[in-house]
2 protein chains.
Amino acid sequence: MLKKERHDFIMRQINLHNRVLTSDLVQLLNVSEDTIRRDLQELVDENLLYKVHGGALSKSYHSSFDDSTVYARDSKIAIGKKAVQLIKDGMVVLTGGGTTILEFVKRLPQGLSATFFTISPLVAVELAKYNNIEVILIGGLFSKNSQVTYGGQVITQLSEIKADLCLMGTSAIHPEEGLTDTYWEINQLKKAMLACAKKTAVLCISEKLDIALRLRVCPIESISYLITELDLDHESLSRYREKELNIL
Amino acid sequence: MLKKERHDFIMRQINLHNRVLTSDLVQLLNVSEDTIRRDLQELVDENLLYKVHGGALSKSYHSSFDDSTVYARDSKIAIGKKAVQLIKDGMVVLTGGGTTILEFVKRLPQGLSATFFTISPLVAVELAKYNNIEVILIGGLFSKNSQVTYGGQVITQLSEIKADLCLMGTSAIHPEEGLTDTYWEINQLKKAMLACAKKTAVLCISEKLDIALRLRVCPIESISYLITELDLDHESLSRYREKELNIL
DNA sequence: AACTTTATCGCACAAACACGCATAAAAACG
DNA sequence: CGTTTTTATGCGTGTTTGTGCGATAAAGTT
């Protein structure tokens, strides 16, 4: 087995399970521990995973966890500010959940008059502070992990909405693979959200760039705006700039 | 399980519940106390939590929330504790919103397994901290004043629910006039909530006793439990004791 | 004051790791 | 084609890290 194949195998395992043990890989791939360690080190150098004692963890796995520790807050604020530019009076906007979206909401102009649909209770509460914004919370099963509503009922309701713009956070984005996610239900949800908005803006802190997870939400072409905290000419964005995509 | 995963798990517990017991973690993670203590110490070194005798506390706990600014909080806590007694494993419960309900939710037993429907985003978020509670958030227009969803869509959805118990806060209660309210929409909402539950418990701080407002929600007979912070034999309750009503 | 629960410390041991070296296959080169 | 260089892998050795155990101390409880 070639080294490259091993690397691919390891990355598949990581994206599938979010974690991998050195000892398991030794067994599965039938090579020495040293080889695995070297492989992991090389993947770390390529910024593809996180190495810990005993194995390695997915990079995206992290960020999905510690959101309540106001993780990477500065970046999220920067993204939020950029996203505000997309919002005009009279718009009908659909938003997902997550701390990035929350920072965005906090930075909306006071007088803004608009209609917001959201699947996130926390976003709804925050939006309610604006007098001229009408807030519609889409109800359904409530996800303990991602703190948004999900499930069939949500999708049914989404199908009845026609929004001007959909703002969503992201688990992972990749120039070829597009938007991807780990959980089936969230995947379905995002698809439904995309389907009911004329345009979609993806809010994405830079460390979630160039990552592809198990389930495909949509190709990169389905996205209208990509908003990161980086400067427009930052080299990490070059591969996205080639696509038909407005980068903010 | 990798150490890093344990750390993440602990942080999630902390961020969820604001506190965590060493002994619980030992059970949940199936490692020795020493390991947990070392984990906690390391997280302290990373400035992620406070360590106390018996467990650890969230750093953001103190600063983050309104808690102390809640009006008549002690009374509401007392009411919350009493209300918890009504909840049994396997129940389907419907709740309204408000700070009293919120105090109730915070005092539910950890292991409780039940289904909760709610019209309050904040209540939903709080309920999501319990692993064995299924939370369904009822969606619709979001009221800026009362921080609950309301309107036709909510009422339609309520009509499809059959709950064992409905817990609601109250604007006013009167021995003759029953439950009353000021706003038309909230009035309609409460009627719909009552209609879909076998029994109803009203959570009510004593100062809202003996008040009648403009719109009638229901006669006193429609209520199964009245929960206040007062002792059972307090004289303010005498006129309610005469009715067919369980007083807690 | 007696007792129970938690913490702390030193130690032991196994698993995971890093580093240098040896080997062999693959690639590069004249 | 033969020689050199590079790359990939495994092995041995010593080191570090993670974990549990027992004894003792400190903090809470009654």
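Chain A is the first sequence line, chain B the second, and so forth, proteins listed ahead of strands; every chain is numbered from 1. All figures in this text were calculated on a predicted structure; none of them were measured in a lab.
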Margin query: Quick test of your reading of the model: are A:Lys243 and A:Glu176 salt-bridged, counting only N-O distances below 4.0 Å?
Written below: yes
Next item on the list: Figure out the CG/C1' separation between A:Leu25 and C:dA15, and round it to whole Å.
Entry: 16 Å
Next item on the list: Round to a whole Å and report the spacing from CG of B:Leu2 to P of D:dG18.
Entry: 11 Å
Next item on the list: Using only side-chain N and O atoms of B:Arg38, determine if any of them is under 4.0 Å from OP1 or OP2 of D:dT17.
Entry: no
Margin query: What I'd like to find out is whether the side chain of B:Leu28 reaches to under 4.5 Å of the side chain of B:Phe9, using heavy atoms alone.
Written below: yes
Notebook entry, point to check: For A:Arg6 and D:dA8, what is the distance between atoms CZ and C1' respectively, to the nearest whole Å?
Noted result: 8 Å
Next item on the list: Grab the CG-P distance between B:Asp34 and C:dG10 for me, whole Å please.
Entry: 14 Å
Check: Is any side-chain N or O of A:Thr35 closer than 4.0 Å to OP1 or OP2 of D:dG10?
Finding: yes
Check: What's the CG-C1' distance between A:Leu40 and D:dT9, to the nearest Å?
Finding: 15 Å
Note to self: For a side-chain contact (heavy atoms from CB on, under 4.5 Å) check, start with the C-alpha distance between B:Ile14 and B:Tyr50, then their side-chain angles and the critical distance, and finish with the verdict.
What the structure shows: CA-CA 10 Å; B:Ile14 286 258; B:Tyr50 287 127; over 6 Å; no
Next item on the list: Return the value, rounded to whole Å, for the distance between atom NZ of A:Lys4 and atom P of D:dA8.
Entry: 13 Å
Checklist line | Minimum side-chain heavy-atom gap B:Leu2-A:Leu21 below 4.5 Å | finding: yes
Notebook entry, point to check: If only atom types and distance count, is the side chain of B:Thr22 paired as donor or acceptor with the main-chain N or O of B:Gly54 below 3.5 Å?
Noted result: yes
Check: What is the bend of the helix from C:dA1-D:dT30 to C:dG30-D:dC1 when you compare the axis at one end with the axis at the other, using five pairs each and rounding to 10°?
Finding: 40°
Check: Between A:Glu126 and A:Lys129, does at least one N-O distance fall below 4.0 Å, as a salt bridge requires?
Finding: yes
Checklist line | Close side-chain approach of B:Ile79 and B:Glu103, heavy atoms under 4.5 Å | finding: no
Distances under 3.5 Å between nitrogen or oxygen atoms of protein and nucleotides 4-7 of chain C:
residue: C:dT6; atom: O4'; partner: B:His53; partner atom: NE2; Å: 3.2
residue: C:dT6; atom: O3'; partner: B:Gly54; partner atom: N; Å: 3.1
residue: C:dA7; atom: OP1; partner: B:Val52; partner atom: O; Å: 3.4
residue: C:dA7; atom: OP1; partner: B:Gly54; partner atom: N; Å: 2.2
residue: C:dA7; atom: OP1; partner: B:Gly55; partner atom: N; Å: 3.3
residue: C:dA7; atom: OP2; partner: B:Arg37; partner atom: NE; Å: 2.6
residue: C:dA7; atom: OP2; partner: B:Arg37; partner atom: NH2; Å: 3.0

Checklist line | Salt-bridge criterion met for B:Asp8 and B:Arg12 (N-O under 4.0 Å) | finding: no
Checklist line | Rounded interatomic separation in angstrom, taking CG from B:Asn30 and P from D:dT19 | finding: 13 Å
Checklist line | Stepwise side-chain contact (heavy atoms from CB on, under 4.5 Å) check, A:Val125 with B:Gln147 | finding: CA-CA 7 Å; A:Val125 170; B:Gln147 305 264 302; 3.5 Å; yes
Check: Taking atom P of D:dG20 as reference, at what distance in whole Å does atom CG of B:Asp39 sit?
Finding: 10 Å
